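First the structure, in the form of structure tokens, and then the observations on it.
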Amino acid sequence: MKAVERVLVWQWGRRGAGPRIAVDLADGLKRLPETNVLLCLSDRAEILRSRNAPDAVVKIATYSSLRGLAGRLLSAPGLWKQLTRIVRDFRPDVAICAMPGPLDLLMMHVLRRAGVRIVIIIHDAHPHPGDGYPFQATLQHQLIRHADQIVTFSRHVANILTSGPDAARCPVISLTHPPFIGGAATAPFAHDGAPRILMFGRLLPYKGLDLLAEALPLVGQALECRVVGQGPDSPELRTLSALPHVSVENRWVPEDELPRLVAWANIVVLPYREASQSGVGAMAIASGRYVVATRVGGLIEQFAEDTQAVLCEADPAAVAKALEHVIQDPPPVRPQVDNGQEWEKLAKNILASGNAS
């Protein structure tokens with residue numbers, strides 16, 4: 001009889017992809033036979049107050065600012081005791097960090113002392129310009145050096161990690177980026193009026209805001225475009241705001257608004273200048289939307305074989321031409337996948353790779 005494998009999944013971010021990945025991964029693990037799962041999130045995680053709130057979760061008090069982080073580090077002995085008690089009571093065989101954060105080294109030390117196998121999902125080999133938090137690269141280097149297994153969502157990231165010194169003694173596996181949300185009720189272009197283009201995510205220069213601003217006027221027909229996300233004011237955003245039929249919504253998008261936002265669009269555009277992979281793109285595909293993405297980094301492998309996606313060079317004319325192609329001759333939309341099954345497959349692959357190494 002196979003022994004039950006006990007898996008701890010943790011992620012202590014407040015908003016964004018980290019908590020969502022932790023919840024979906026924990027749900028995928030729970031679908032596996034002979035697997036007992038404990039999910040650990042920040043008590044401030046937005047997903048806890050959303051429609052996607054998990055049924056059972058252990059909450060850790062974290063922080064909401066740099067000052068709060070400093071205060072939390074000063075109270076590290078109390079957090080150490082809490083984490084030690086959680087690990088002692090659950091007795092995990094393996095612990096999976098869904099996305100690294102500033103307090104994770106403390107958890108790593110607790111798990112190491114308990115002899116628990118540690119898996120970390122690394123999303124970016126290096127922080128993108130203007131993204132992340134202070135000392136993120138230094139922290140990630142240390143986490144990789146202390147992990148037993150690294151998982152990435154693109155070969156692009158895996159190749160960079162394996163060519164550096166940090167993962168020299170740690171196996172790195174690349175798995176397919178799983179779907180996010182999905183389930184839009186209507187097909188793209190089912191509405192009346194101009195085609196709808198959406199750019200969504202962190203509004204930072206590396207996301208190609210300048211490429212989009214130059215590309216949209218080159219599209220040879222009327223369209224409606226929304227640029228939605230959070231980021232600093234910039235000349236690129238001001239240029240986009242000045243374009244006709246383009247709206248810039250510089251704001252955080254709550255968890256429960258995401259399905260409605262993606263369903264509004266016909267095409268989700270990713271005009272990035274660099275990329276590890278794209279959770280936004282995965283969300284768009286799962287929602288039956290088209291994707292236009294630049295041929296950079298991990299986007300190439302993520303969308304190369306997908307009929308809903310069109311890849312183009314990181315050039316305004318190429319982005320405009322790709323948008324026109326989808327508008328004028330929409331490719332087939334693939335049948336929707338079962339998100340739960342995809343996360344179950346991912347969970348199974350993560351555990352299998354650890355057992356094989």
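Nothing here was measured: the structure is a model prediction, and the numbers come from that model.
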Residues His128 and Glu274: side-chain donor-acceptor under 3.5 angstrom: yes
Flag the pair [X] and [Y] as a salt bridge only when some basic side-chain nitrogen lies within less than 4.0 angstrom of an acidic carboxylate oxygen.
{"X": "Arg295", "Y": "Glu313", "result": "yes"}
{"X": "Asp148", "Y": "Arg112", "result": "yes"}
{"X": "Arg226", "Y": "Glu249", "result": "yes"}
{"X": "Arg334", "Y": "Asp306", "result": "yes"}
{"X": "Asp256", "Y": "Arg49", "result": "no"}

Does [X] use its side chain to pair, donor to acceptor, with the backbone of [Y] at less than 3.5 Å?
{"X": "Glu301", "Y": "His156", "value": "yes"}
{"X": "Glu324", "Y": "Val326", "value": "no"}
{"X": "Gln11", "Y": "Met99", "value": "yes"}
{"X": "Asp338", "Y": "Gln341", "value": "yes"}

Within a 6.0 Å radius of atom [atom1] on [X], are there more than 12 heavy atoms belonging to other residues, nucleotides or ligands?
{"X": "Glu305", "atom1": "CD", "value": "no"}
{"X": "His191", "atom1": "NE2", "value": "yes"}
{"X": "Asp89", "atom1": "CG", "value": "yes"}

Minimal non-hydrogen separation, Leu48 against Asp43, with atom names: CD1-O, 4.0 Å
Cluster overlap Leu198 with Leu270, hydrophobic side-chain contacts below 4.5 Å: yes
Pairwise distance NZ(Lys59) to CG(Leu39) - rounded to 0.5 angstrom: 11.0 Å
Spacing of OG belonging to Ser276 relative to CD belonging to Gln302, to within rounding of 0.5 Å: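 Nearest 0.5 Å value for the OG-CD distance: 10.5 Å.
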Charged tip of Arg6 within 45° of Phe90 ring normal and under 6.0 Å: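 The answer is yes; both the distance and angle limits are met.
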Cation-pi, Trp252 ring and Arg15 (6.0 angstrom, 45 degrees):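 Yes, a cation-pi geometry holds between Arg15 and Trp252.
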Stepwise side-chain contact (heavy atoms from CB on, under 4.5 Å) test for Asn52 and Glu255: CA-CA 8 Å; Asn52 300 306; Glu255 175 83 17; 3.4 Å; yes
Whether His177 and Phe180 hold their rings parallel, tilted or perpendicular, with breakpoints at 30° and 60°: perpendicular
